[in-house]
Amino acid sequence: MSFSRDVKEELSHSIPSARHCQLAEISAILSMCGIIRISENDRIEIEVRTENSAVARKFHALIRRCFQICPEVLIRSHSNNHRVHTYVQMIAVHEDAVRILRATKLMNREGDIEEHLSILDSVLIQHSCCKRAFIRGCFLATGSITEPEKAYHFEIVCNDMGKAEQVRDLLNFFELDAKIVERKRYYVVYIKEGAHIVDALNVMEAHISLMNLENVRILKDMRNSVNRRVNCETANINKTVSAAVKQVEDIKYIRDHMGFGNLSEGLRQMAELRLAEPELPLKDLGQRLNPPVGKSGVNHRLRKLSNIANELRERNS
């Protein structure tokens, strides 16, 4: 099961106790994946379609709890893949459909259904708890989260810009840094930052999924920290090895073209020791000298040897 399905499965078992929150969540699901059918004699039916059984189960439970209405349920298999099902829930009684649409503010007082099933500027989502419920319903209907082991990406797909802006603003009410991108004919509200996705799960009250995501984040952060440290140490080792190779080349050039006889005692001792111990760190080289010198002293002598080698090369060229 994917992480998105895990989150939706968890959310499907949580029914708000307050009716106003139930209405907000129902309104979100209807707004995002509901279909309104109006017959020739102006009879209204509501249809909700989803391929996720958890979403279907949650909508069914909310309608029964809030309106004492039992939607008719149809399960249809896809023609090209019989393992994929579409769950269709119908509210075919006109009076029931109108009652639900009025209560969820998807139908105005004049009996007109709002364009795109929008509830913009609705009193239904004024309270913080109702905003949470609405976001939860939107995510259940058209949301998804990428597997956190691969990447951090939370999104809710909307079919028009008005809904996308509403969802974005609701998420940003909780300081989640949501943004909108157009994808084909849809508008996608998304969150990229892992910490903000954790906060989004908290807003939707998916606490088990939140802990699972946090565990993944901790492991990834630890792994990335170890990798950074290993890369840093590897780079330092490569740098040290490259420097040692260059030092040995310079000293050999001095030996072959000038000899060590004209070097000072300190430089001669340093040159002979580096040739004998090409892999020894600078600190240990300094301890082998007589008298011993510190790391900076060793570095200074090796730089002087390098300068002498460079002068010899220029002279010989």
Just by distance, do the side chain of Lys304 and the backbone of Leu267 share a donor-acceptor pair under 3.5 Å? no
Do any N or O atoms from the side chain of Asn316 and from the backbone of Leu312 form a donor-acceptor pair under 3.5 angstrom? yes
Should Arg99 and Glu95 count as an ion pair when the cut-off is N to O under 4.0 Å? no
Side-chain heavy atoms nearer than 4.5 Å, only ILVMFWY residues, links allowed to pass through others: does that put Tyr187 and Val189 together? yes
Quick one, Thr146 and Phe154 - any side-chain contact, counting heavy atoms below 4.5 Å? no
Take atom CD of Glu279 as the centre, draw a 6.0 Å sphere, and report whether it contains more than 12 heavy atoms from other residues, nucleotides or ligands. no
Can you find a side-chain donor-acceptor pair between Ser39 and Asn41 that sits under 3.5 Å? yes
Counting only heavy atoms not in Tyr186, do more than 12 fall under 6.0 Å of its OH? no
Would you indicate whether the side-chain heavy atoms of Asp6 and Asn212 approach each other to under 4.5 Å? no
Would His196 and Asp199 count as a side chain to side chain contact (heavy atoms under 4.5 Å, CB included) if you check the C-alpha gap in whole Å, the side-chain angles of each, and the deciding distance to 0.1 Å? CA-CA 5 Å; His196 288 148; Asp199 292 339; 4.1 Å; yes
Note, Ile135 side chain near Leu171 side chain (heavy atom, < 4.5 Å): yes
Is there a donor-acceptor contact under 3.5 Å from the side chain of Gln22 to the main chain of Pro16? yes
Strictly distance-based, threshold 3.5 Å: is any side-chain N or O of Ser27 a donor or acceptor partner for the main-chain N or O of Thr104? yes
Could you walk me through whether Arg228 and Glu233 pass the salt bridge (Lys or Arg N to Asp or Glu O under 4.0 Å) check? CA-CA 9 Å; Arg228 282 194 298 270; Glu233 291 177 354; over 6 Å; no
Are Arg313 and Asn310 linked by a side-chain donor-acceptor pair shorter than 3.5 Å? yes
Can you find a pair of side-chain heavy atoms, one from Ile251 and one from Met270, that are under 4.5 Å apart? no
According to a hydrophobic-cluster definition based on side-chain heavy atoms being under 4.5 Å apart (Ile, Leu, Val, Met, Phe, Trp, Tyr only), do Leu30 and Met90 belong together? no
Pair Ser306, Asp250: side-chain N/O donor-acceptor within cut-off below 3.5 Å: yes
Nearest 0.5 Å please: distance from the CD atom of Glu45 over to the CD atom of Glu72. 9.0 Å
Can Arg301 and Leu289 be said to form a side chain to side chain contact (heavy atoms under 4.5 Å, CB included), step by step? CA-CA 12 Å; Arg301 293 185 185 185; Leu289 295 172; 3.6 Å; yes
Test item: Lys8 side-chain N/O and Gly143 main-chain N/O as donor-acceptor pair under 3.5 Å: yes
Quick check on His207: does its NE2 atom have over 12 non-hydrogen neighbours (other residues, nucleotides or ligands) under 6.0 Å away? yes
Between Glu265 and Arg268 (salt bridge meaning N to carboxylate O under 4.0 Å), is one present in this structure? yes
Can you tell me how far apart CD1 (Ile208) and NE2 (His13) are? Round to the nearest 0.5 Å. 9.0 Å
Side-chain atoms of residues 56-64: list all donor-acceptor pairs with protein atoms under 3.5 Å, sequence neighbours left out, distances to 0.1 Å.
{"residue": "Arg57", "atom": "NH2", "partner": "Glu9", "partner atom": "OE1", "Å": "3.2"}
{"residue": "Arg57", "atom": "NH2", "partner": "Glu9", "partner atom": "OE2", "Å": "2.6"}
{"residue": "Arg57", "atom": "NH2", "partner": "Ser12", "partner atom": "OG", "Å": "3.1"}
{"residue": "Lys58", "atom": "NZ", "partner": "Leu11", "partner atom": "O", "Å": "2.9"}
{"residue": "Lys58", "atom": "NZ", "partner": "Ser14", "partner atom": "O", "Å": "2.8"}
{"residue": "Lys58", "atom": "NZ", "partner": "Glu25", "partner atom": "OE2", "Å": "2.5"}

Hey, what's the ring geometry for Tyr87 with His85, parallel, tilted or perpendicular (30° and 60° as the breaks)? perpendicular
Interatomic distance, Cys138 atom SG to Gln166 atom CD [nearest 0.5 angstrom]: 7.0 Å
Roughly how far, to the nearest 0.5 Å, is the CE atom of Met222 from the CZ atom of Arg217? 14.0 Å
State, with a plain yes or no, whether a side-chain heavy atom of Leu176 is found less than 4.5 Å away from one of Ile197. no
Note: Gly286 and Val298 closest approach over all heavy atoms is CA-CG2, 3.4 Å
In short, Ile91 meets Ala97 closest at the heavy-atom pair CG2-N, 4.0 Å
Is atom NZ of Lys252 surrounded by more than 12 heavy atoms (other residues, nucleotides or ligands) closer than 6.0 Å? no
Minimal heavy-atom distance between Phe3 and Ser209, with the atoms involved, is CZ-O, 3.7 Å
Phe173 reachable from Ile125 in the ILVMFWY side-chain graph, under 4.5 Å edges: yes
Mind checking the CD1-OH spacing from Ile191 to Tyr152? Nearest 0.5 Å is all I need. 14.5 Å
Going only through I, L, V, M, F, W and Y residues with side-chain contacts under 4.5 Å, is there a path from Ile69 to Ile15? yes
Would Arg132 and Glu205 pass as an ion pair if we require N to O under 4.0 Å? no
Donor-acceptor contact below 3.5 Å, side chain Asn172 vs main chain Glu175: no
Which of Arg168, Arg183, Lys179 passes salt bridge (charged side-chain N to carboxylate O under 4.0 Å, His left out) with Glu155? It is Arg183
Verify side chain to side chain contact (heavy atoms under 4.5 Å, CB included) between Asp284 and Glu277, making sure each step is shown before the conclusion. CA-CA 10 Å; Asp284 294 339; Glu277 301 284 355; over 6 Å; no
Heavy atoms of Leu285 and Leu273 approach each other most closely as O-CD2, 3.3 Å
Does a sphere of radius 6.0 Å around NZ in Lys220 hold more than 12 heavy atoms from other residues, nucleotides or ligands, not counting ones at 6.0 Å or beyond? yes
State yes or no: do Ile36 and Val93 share one hydrophobic cluster built from I, L, V, M, F, W and Y residues joined by side-chain heavy-atom distances below 4.5 Å, directly or via other members? no
For the student: nearest non-hydrogen atoms of Arg5 and Glu51, plus distance: NH2-O, 3.9 Å
For the residue pair Leu23 and Phe134, establish whether any side-chain heavy-atom pair is separated by less than 4.5 Å. no
Straight-line distance of Arg37 CZ to Ile44 CD1, nearest 0.5 Å: 13.5 Å
Heavy atoms, side chains only, cut-off 4.5 Å: are Leu124 and His20 in contact? no
At their closest point, which heavy atom of Cys158 faces which heavy atom of Met32, and how far apart are they? SG-CE, 3.6 Å
Measuring only between side-chain heavy atoms, which start at C-beta, is Leu275 closer than 4.5 Å to Arg255? yes
Test side chain to side chain contact (heavy atoms under 4.5 Å, CB included) applied to Leu101 and Ile46, step by step: CA-CA 9 Å; Leu101 292 174; Ile46 296 174; 3.9 Å; yes
If only atom types and distance count, is the side chain of Arg274 paired as donor or acceptor with the main-chain N or O of Pro278 below 3.5 Å? yes
